[in-house]
Chemist: 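Once you've had a glance at the structure underneath, I'll fire off some questions.
All values derive from a computational prediction rather than experimental measurement.
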Amino acid sequence: MRRIALVVGCVGLLMAMLGWILEPAVFPFAWLAAVTFWIGWPLGCLALLLVHVLTGGRWGYAIRPYLLAGIGTLPLLVPAVVPILFVLPRLYPWLRADEAHELANRFYLNAPFAAGRACFYLGIWLGLAALVLRASRRGEPSAVLAAGGLILLGLTVTFAAVDATMSLDPHFVSSDYGMIAGAEAGLLALSVCVLVAALDGGHLPAVLDDLGKLLLGLLVLWAYLDFMQVLIVWQSDLPHEARWYVERSTRGWGILAGGIAVVHFLLPFFALISPRLRRSPEGIAFIAALLVVMVMLREWWVVLPAGHVSIGWVAIAAMLAVAGLSTALALRRGDSQSLRFRVDHA
């Protein structure tokens, strides 16, 4: 599996680099969508692990190896952001002098301040991940580390989401945006863990039921926050906010938006309220895999319309590159025994 993931990642990377040459207007947005989709996995795993330290429960012990493997992919962020550095002016209008002078929020959206914030986010995430992994090797991270880490993680993820994707349209404003990104990161990470746990024959149906309930709770949280943003923008009816949704409801994006509403929320919601499905390894694995795919599609829906590009071979190649390489790294960090649930941990 590790070889397959590595081959897929390398082929995707080569195709993405070819897309950079052949489709220079498409590559920046395709690569940004892939990176922002993937980063939700390690950050979400980090948040879930810290939450479990504070709350306890057998669900956390059941997926602890998978959470640690996901956190271990975070160093991949350093090389992943390098291509973005070369295409920043294509991505962000506030970095283009002819458009930046008209913005009222230039005090925040400017190159030096943005670079400083990015370095701060990266330092916090890598430092926190290193502390958690080190503490986990010795036993259990402390409650102080968990509480402080969750506060730092919540703040940095919120502002990083604003900087990375919301500022693609510097006129769009939403105080809900960062919370949506955080909830979606947790949903993605838990979906990956549930998928692996469901495929592991050593897991008990009761543990899958607990994980399914948590998955349902995160799904409802994400859907509520996303709907509230739509509702607030709709009732305000301000041009600079409505334009963000207009761009994502035309040229076929409206069909995808409807699909996200149905397949990303309604279908998993009604499936996960069934105790029988939650206890079924095959059923909950299908729902978890579906949620991972839908999070990926939603990230394309958020990022690609900002560049007036569609889902094509460059976007798919970039996603395969990041997903394949991160999966190979996660499998390398955990051997077959450490990625297996043990009943005596619960």
Chemist: Inspect the surroundings of CD1 in Ile255 and state if more than 12 heavy atoms from other residues, nucleotides or ligands are less than 6.0 Å away.
Modeler: no

Chemist: Hydrophobic clusters here meaning ILVMFWY residues chained together by side-chain heavy-atom distances under 4.5 Å, can you tell me if Leu95 and Phe113 are in one?
Modeler: yes

Chemist: Of the options Val194, Leu188, Leu187, which is the one that meets Leu291 in a side chain to side chain contact (heavy atoms under 4.5 Å, CB included)?
Modeler: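 One option only clears the test, and that one is Leu187.
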
Chemist: Quick one: are Phe27 and Leu22 in side-chain contact, heavy atoms under 4.5 Å?
Modeler: no

Chemist: Hey, does the side chain of Ser280 reach the backbone of Arg276 with a donor-acceptor pair shorter than 3.5 angstrom?
Modeler: no

Chemist: May I have the step-by-step check of side-chain contact (heavy atoms from CB on, under 4.5 Å) for Val295 and Ser191, ending in yes or no?
Modeler: CA-CA 10 Å; Val295 172; Ser191 297; over 6 Å; no

Chemist: Is any side-chain heavy atom of Arg279 closer than 4.5 Å to one of Leu208?
Modeler: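 Leu208 does not reach Arg279 side chain to side chain.
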
Chemist: Run the side-chain hydrogen bond (donor to acceptor under 3.5 Å, both in side chains) test on Tyr245 and Gln229 for me, step by step, so that the C-alpha distance in whole Å, both residues' side-chain angles and the decisive distance to 0.1 Å come before the verdict.
Modeler: CA-CA 11 Å; Tyr245 280 100; Gln229 178 176 276; 2.8 Å; yes

Chemist: Walk me through whether Leu54 and Leu150 qualify under side-chain contact (heavy atoms from CB on, under 4.5 Å).
Modeler: CA-CA 10 Å; Leu54 296 176; Leu150 281 173; 3.7 Å; yes

Chemist: Could you go step by step and tell me if Phe29 and His308 meet the ring-ring contact (aromatic ring centres under 6.0 Å, His included) rule?
Modeler: CA-CA 9 Å; Phe29 297 92; His308 303 288; 8.6 Å; no

Chemist: If you take all heavy atoms of Tyr61 and Pro65, which pair is closest and at what distance?
Modeler: O-CD, 4.0 Å

Chemist: Over all heavy atoms of both residues, which pair between Leu211 and Ala197 is shortest? Give the atoms and the distance, please.
Modeler: CD1-CB, 4.1 Å

Chemist: Answer with yes or no whether the hydrophobic clustering places Phe86 together with Ile84; edges join I, L, V, M, F, W, Y residues whose side-chain heavy atoms lie under 4.5 Å apart.
Modeler: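 Result: yes, single cluster for both.
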
Chemist: Is Leu225 linked to Leu155 within one hydrophobic cluster, defined over Ile, Leu, Val, Met, Phe, Trp and Tyr using a side-chain heavy-atom separation of less than 4.5 Å?
Modeler: no

Chemist: Under a 4.5 Å side-chain heavy-atom rule over Ile, Leu, Val, Met, Phe, Trp and Tyr, are Val162 and Ile232 clustered together?
Modeler: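 Result: no, two separate clusters.
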
Chemist: CD1/Ile316 to CE/Met296 distance, rounded to the nearest 0.5 angstrom?
Modeler: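 Spacing of CD1 (Ile316) from CE (Met296) equals 8.0 Å.
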
Chemist: For the pair Thr36 (side chain) and Ala33 (backbone), establish whether a donor and an acceptor sit closer than 3.5 Å, ignoring hydrogens and angles.
Modeler: yes

Chemist: Any sub-3.5 Å donor-acceptor pair from Asn105's side-chain atoms to Pro170's backbone N or O?
Modeler: yes

Chemist: Does the side-chain contact (heavy atoms from CB on, under 4.5 Å) test come out yes or no for Leu325 and Val8, once each step is laid out?
Modeler: CA-CA 8 Å; Leu325 293 175; Val8 170; over 6 Å; no

Chemist: Taking the side chain from Asn110 and the backbone from Arg106, do they hold a donor-acceptor pair closer than 3.5 Å?
Modeler: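 Answer holds: yes.
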
Chemist: Hey, are the side chains of Asp226 and Ile260 touching, using non-hydrogen atoms and a 4.5 Å cut-off?
Modeler: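 No, every pair of side-chain atoms sits at 4.5 Å or beyond.
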
Chemist: Hey, what do you get for CG (Leu190) to CG (Leu67), rounding to the nearest 0.5 Å?
Modeler: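 It comes to 8.5 Å.
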
Chemist: Please lay out, stage by stage, how Trp41 and Thr73 fare under the test side-chain hydrogen bond (donor to acceptor under 3.5 Å, both in side chains).
Modeler: CA-CA 9 Å; Trp41 179 25; Thr73 67; 6.0 Å; no

Chemist: Trp222 vs His264, test: ring-ring contact (aromatic ring centres under 6.0 Å, His included). Steps then yes/no.
Modeler: CA-CA 10 Å; Trp222 165 80; His264 194 355; 4.0 Å; yes

Chemist: Looking only at atom types and distance, does a side-chain atom of Arg278 sit under 3.5 Å from a main-chain N or O of Gly212, one as donor and one as acceptor?
Modeler: no

Chemist: Please report the closest heavy-atom contact between Ala285 and Leu195, naming both atoms and the distance.
Modeler: O-CD1, 3.4 Å

Chemist: For the CG atom of Leu109 and the CZ atom of Phe107, what is their distance to the nearest 0.5 Å?
Modeler: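 Nearest 0.5 Å value for the CG-CZ distance: 8.0 Å.
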
Chemist: Contact between Glu23 and Trp313 at the side-chain level, heavy atoms closer than 4.5 Å - yes or no?
Modeler: yes

Chemist: Using the six-membered ring wherever Trp is involved, compare the ring planes of Trp244 and Tyr177 and label them parallel, tilted or perpendicular (cut-offs 30° and 60°).
Modeler: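 Trp244 vs Tyr177 ring planes: perpendicular.
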
Chemist: Measuring from atom CD1 of Ile4 to atom CZ of Arg2, what distance do you get when rounded to the nearest 0.5 angstrom?
Modeler: 11.5 Å

Chemist: With side chains defined as the heavy atoms from C-beta onward, is the minimum distance between Ile311 and Trp253 less than 4.5 Å?
Modeler: yes

Chemist: How long is the gap from CD on Glu184 to CG on Leu218, to the nearest 0.5 Å?
Modeler: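 Interatomic distance, Glu184 CD to Leu218 CG, rounded to 0.5 Å: 11.5 Å.
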
Chemist: Take Trp31 and Trp300 through the ring-ring contact (aromatic ring centres under 6.0 Å, His included) test and state the conclusion after the steps.
Modeler: CA-CA 10 Å; Trp31 190 258; Trp300 276 335; over 10 Å; no

Chemist: Testing the basics here: between Arg251 and Glu247, what is the closest heavy-atom pair and its distance to 0.1 Å?
Modeler: NH2-O, 3.9 Å

Chemist: If you define the side chain from C-beta out and look only at heavy atoms, does anything of Val302 sit under 4.5 Å from Arg298?
Modeler: yes

Chemist: If you take all heavy atoms of Met15 and Ala317, which pair is closest and at what distance?
Modeler: CB-CB, 3.5 Å

Chemist: Do the side chains of Val26 and Leu304 get nearer than 4.5 Å, heavy atoms only?
Modeler: no

Chemist: Where do Trp125 and Leu153 land on the side-chain contact (heavy atoms from CB on, under 4.5 Å) test, with the steps shown first?
Modeler: CA-CA 7 Å; Trp125 295 344; Leu153 198 59; 3.9 Å; yes

Chemist: Check for a donor-acceptor pair, side chain of Ser174 on one end and backbone N or O of Asp176 on the other, with a separation under 3.5 Å.
Modeler: yes

Chemist: Compare all side-chain heavy atoms of Leu320 with those of Val11 and state whether any distance is below 4.5 angstrom.
Modeler: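 When only atoms from C-beta onward are counted, Val11 and Leu320 do not touch, as no gap falls below 4.5 Å.
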
Chemist: Would you tell me whether Asp163 and Tyr108 have side-chain atoms, one donor and one acceptor, within less than 3.5 Å of each other?
Modeler: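 Distance-only check passes for Asp163 and Tyr108.
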
Chemist: Does CG in Leu238 sit with more than 12 non-hydrogen atoms of other residues, nucleotides or ligands closer than 6.0 Å?
Modeler: yes

Chemist: Nearest heavy-atom pair of Pro141 and Ser136: which atoms, and what distance?
Modeler: CG-OG, 3.7 Å

Chemist: Distance under 6.0 Å and angle within 45° of the ring axis: does Arg64 meet both against Tyr66?
Modeler: no

Chemist: Does Ala257 offer a backbone N or O that forms a donor-acceptor pair with the side chain of Arg248 under 3.5 Å?
Modeler: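 No, Arg248 side chain to Ala257 backbone: no donor-acceptor pair under 3.5 Å.
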
Chemist: Are the side chain of Trp301 and the backbone of Leu256 linked by a donor-acceptor contact shorter than 3.5 Å?
Modeler: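 Between the backbone of Leu256 and the side chain of Trp301 there is no qualifying donor-acceptor contact (under 3.5 Å).
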
Chemist: Would Val292 end up clustered with Phe269 when hydrophobic side chains under 4.5 Å apart are linked, directly or stepwise?
Modeler: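 Same hydrophobic cluster.
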
Chemist: Starting at CG of Leu50, measure out to CG of Leu46 and round the result to the nearest 0.5 Å.
Modeler: 5.0 Å

